[in-house]
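Accompanying notes for the structure given below.
Basis for what follows: all heavy atoms, side chains included, without hydrogens, waters or symmetry-related copies.
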Amino acid sequence: MSDALSAIPAAVHRNLSDKLYEKRKNAALELENIVKNLTSSGDHDKISKVIEMLIKEFAKSPQANHRKGGLIGLAAVTVGLSTEAAQYLEHIVPPVINSFSDQDSRVRYYACEALYNIAKVVRGDFIIFFNKIFDALCKLSADSDANVQSAAHLLDRLVKDIVTESDQFSIEEFIPLLKERMNVLNPYVRQFLVGWITVLDSVPDIDMLGFLPDFLDGLFNMLSDSSHEIRQQADSALSEFLQEIKNSPSVDYGRMAEILVQRAASPDEFTRLTAITWINEFVKLGGDQLVRYYADILGAILPCISDKEEKIRVVARETNEELRSIHVEPSDGFDVGAILSVARRQLSSDFEATRIEALNWISTLLNKHRTEVLCFLNDIFDTLLKALSDSSDDVVLLVLEVHAGVAKDPQHFRQLIVFLVHNFRADNSLLERRGALIVRRMCVLLDAERVYRELSTILEGEDNLDFASTMVQALNLILLTSPELSKLRDLLKGSLVNREGKELFVALYTSWCHSPMAIISLCLLAQAYQHASVVIQSLVEEDINVKFLVQLDKLIRLLETPIFTYLRLQLLEPGRYTWLLKTLYGLLMLLPQQSAAFKILRTRLKTVPTYSFSTGNQIGRATSGVPFSQYMNQNEDGDLEEDNSNSSHQGINFSARLQQFENVQNLHRGQARTRVNYSYHTSSSSTSKEVRRSEEQQQQQQQQQQQQQRPPPSSTSSSVADNNRPPSRSSRKGPGQLQL
């Protein structure tokens, strides 16, 4: 240390710690000349002693002015060393860097100034301290003192220049340092980081794109910053990287895809738009690299399809279509189960557009990878059934298309119809709101006859009689009114003349027995008018209730629709269709006279021409009191059998059908009686309990009143009273009565 003091004059030593900057500056200039002389003479020992003295007595001094003098002195030494400075940097730079965290803002300021001067001298040799300097500059960029910030910016600019022209900079060592700081929220630090990313990316020899996955999430995080300038800088950097990705032959799409998927769900609109735009480009460029990320990407796209921002919706839809058009096989790593799982989850979305696209994906997978989809059917089947209750008709129609696609296989067809019936049974509102839509669509997508036959088979064995009746009534109304079932109605119209119609009639009859009005409608449709009349005559008082009359009202109104045009035209030949007339008159007799349906039907029957009645007096013979038992023994039906007794409709055993109908109706009647008896006993038992309780209360009140009015007892008065008391009603003997 004495060597250093001998080399440095006392005035210089004293002025380095002076409170005035000018004196410290002049002392530093003198120190610079001294070091130059020592360097030219090669006296490295004294130079080392001078540096050691500056560090111990000045840079580490508790006095702020001493620390300021030490910093300016170290910079002066570096300038004096010039080209020889590199060998002393390990001693000079660390104390300067440590001063960046000094409590005194002026010391921090002079530390920036000192390091700036040092860097200008050593340039590339300075790189070995880059990570430490970068860390210090990152902190100084958010310094509370504006002057310090300004000094740090100047130093930062110089360091960037040095790095861009240096071939010793290690990007591998720098990236972990950058990654650690990317999630800092301070706006000044964010600007500092984006600035460095942009500068390093502009250097041709530095491959920042290869390390993009390490700091991509941080850049996306900056897109939601409150500062417009930071958002703009981050967006500019991302746009530049995206352009590089488009032009680069090799990119790690996988790691970045994971980040983009998360950012696509950001609450910030701008972040979502940028993320979905990147995903769109990745889907176009990624190829095989993204196959195993398709499920995650789809999970990000589907919610964005319903985004409130139109730009996001447009890009999301485009990306969705692009992804769906890619042809990949499970052998390529395409996970059908994962895609189905994502689509199943999105079926619970609050947004209709997302639910629709989820169903489109299931449908697409079913068409392209049917075998794999059927393997996961149990995982999605319940969700698809619940979707039938969706508030959107478009969603329900798509669900039905998916179900129809699955039901192409016989075993799945049976399972689908069974589950549909189960859902209708469990949720009455579903049958009311969606029943017609579901059944009609299923008849379009699948064979209508096949659907109705399967439904009839299931309902035939239904234990819940009320549900069976309601379901049959709904199916019957759909059969009579839906345009989609016109071929089925035409087939039934030929039930008496062709085998296919007869088989369908018999198949439906078994379950249609749950509803008298459904059976009558089926007979009218099949032109089995005699059997319809017999069914009407078989009805008893219990069958004619409000529900029956409501169904009858609907049927009468349907008779006036184009569907039953053929029936109304047959009324032009009453002599030929006598059983049709009898059936209609039978329905008329069941209707209340004041009802609108009664007036409609009576008006229609009044228009029947009477000129053909004279021929053969068919009406008279048809209504001349033929015993009901005789109708039951008929194996034929219709009005044409008198002229064509050998027609194929003879294969329908109508007496057996009638017996089947009565057996089912007896079950309904028995259930109705049981329900009435139960309600009667419940109400009567509660009523009797109340009556008994009131009687007991009255007796108690009477006894209390008698005790209050009765005089004190005495033997004489008691006997007199007994003798004078008139005999009670129970003690009087009448003819044939015993006195007890």
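Residues forming a salt bridge (Lys or Arg N to Asp or Glu O under 4.0 Å) with Asp307 (at least two apart in sequence, or on another chain): Arg272. With sequence neighbours excluded, no residue satisfies side chain to side chain donor-acceptor pair (under 3.5 Å) with Ser17. Looking at residues two or more places apart in sequence or on another chain, you find a ring-ring contact (aromatic ring centres under 6.0 Å, His included) between His369 and Phe334. Every salt bridge (Lys or Arg N to Asp or Glu O under 4.0 Å) that Asp18 has, sequence neighbours left out, goes to Lys23. Among residues two or more places apart in sequence or in another chain, the side chain to side chain donor-acceptor pair (under 3.5 Å) test is passed with Asp390 by Arg355.
Atom CG of Leu81 and atom NE2 of His44 lie 9.0 Å apart (nearest 0.5 Å).
Judged by distance alone, the side chain of Thr364 and the main-chain N or O of Asn360 form a donor-acceptor pair under 3.5 Å. For Thr78 (side chain) and Ile118 (main-chain N/O), no donor-acceptor pair under 3.5 Å exists by modelled atom type. A donor-acceptor pair is defined here as one N or O able to donate and one able to accept, closer than 3.5 Å; no such pair exists between the side chain of Ser166 and the backbone of Gly124. For the pair Ser248 (side chain) and Glu244 (backbone), a donor-acceptor distance under 3.5 Å is absent.
Remark: Glu269 does not engage Lys308 in a salt bridge, criterion side-chain N to carboxylate O under 4.0 Å. Look at Arg123 and Asp161 and you find no salt bridge, because none of the NZ, NE, NH1 or NH2 atoms lies under 4.0 Å from a carboxylate O. Salt-bridge check for Glu22 with Lys25: failed, with every basic side-chain N at 4.0 Å or more from each acidic carboxylate O. Salt-bridge formation is not detected for the pair Arg292/Asp335: no Lys NZ or Arg NE/NH1/NH2 atom is positioned less than 4.0 Å from an Asp or Glu carboxylate oxygen. At a threshold of 4.0 Å, the pair Glu32-Lys36 counts as salt-bridged, since one of the basic side-chain nitrogens sits closer than that to a carboxylate oxygen. Electrostatic pairing of Asp156 and Lys160 counts as a salt bridge here, judged by a charged N lying under 4.0 Å from a carboxylate O. A salt bridge is absent between Glu322 and Lys284; no separation between the charged side-chain nitrogens and carboxylate oxygens falls under 4.0 Å.
Checking Glu84 against Thr39 by side-chain atom types alone, no donor-acceptor pair falls below 3.5 Å.
Among residues at least two apart or in separate chains, salt bridge (charged side-chain N to carboxylate O under 4.0 Å, His left out) pairs with a member in residues 97-116 are Arg67-Asp102, Arg108-Asp143.
In Lys386, the NZ atom is not crowded: 12 or fewer heavy atoms of neighbouring residues, nucleotides or ligands sit closer than 6.0 Å. Heavy-atom neighbours of Glu172 CD from other residues, nucleotides or ligands within 6.0 Å: above the threshold of 12.
Between Phe192 and Phe134, the ring planes are tilted. Angles from 30° to 60° get that label. Ring geometry, Phe169 versus Phe130: the interplanar angle exceeds 60°, so the pair is classed perpendicular (tilted spans 30 to 60°). Note: Trp278 and Phe220 have perpendicular aromatic rings, judged against thresholds of 30 and 60 degrees for the angle between ring planes.
Inter-residue side-chain proximity for Leu20 and Asn15 is flagged as unmet; no heavy-atom pair is nearer than 4.5 Å. At a threshold of 4.5 Å between non-hydrogen side-chain atoms, the residues Leu216 and Arg263 do not count as touching. Taking 4.5 Å as the limit, some side-chain heavy atom of Trp361 sits within range of a side-chain heavy atom of Leu323. Looking at Leu38 and Lys49, their side chains never come closer than 4.5 Å, going by heavy atoms from C-beta outward. Under the 4.5 Å side-chain criterion, counting only non-hydrogen atoms from C-beta, Phe174 is in contact with Leu200. For the pair Leu74/Phe58, no side-chain contact is recorded, criterion being any heavy-atom separation below 4.5 Å from C-beta on. Side-chain contact between Met208 and Phe215 is present, with at least one heavy-atom pair separated by less than 4.5 Å.
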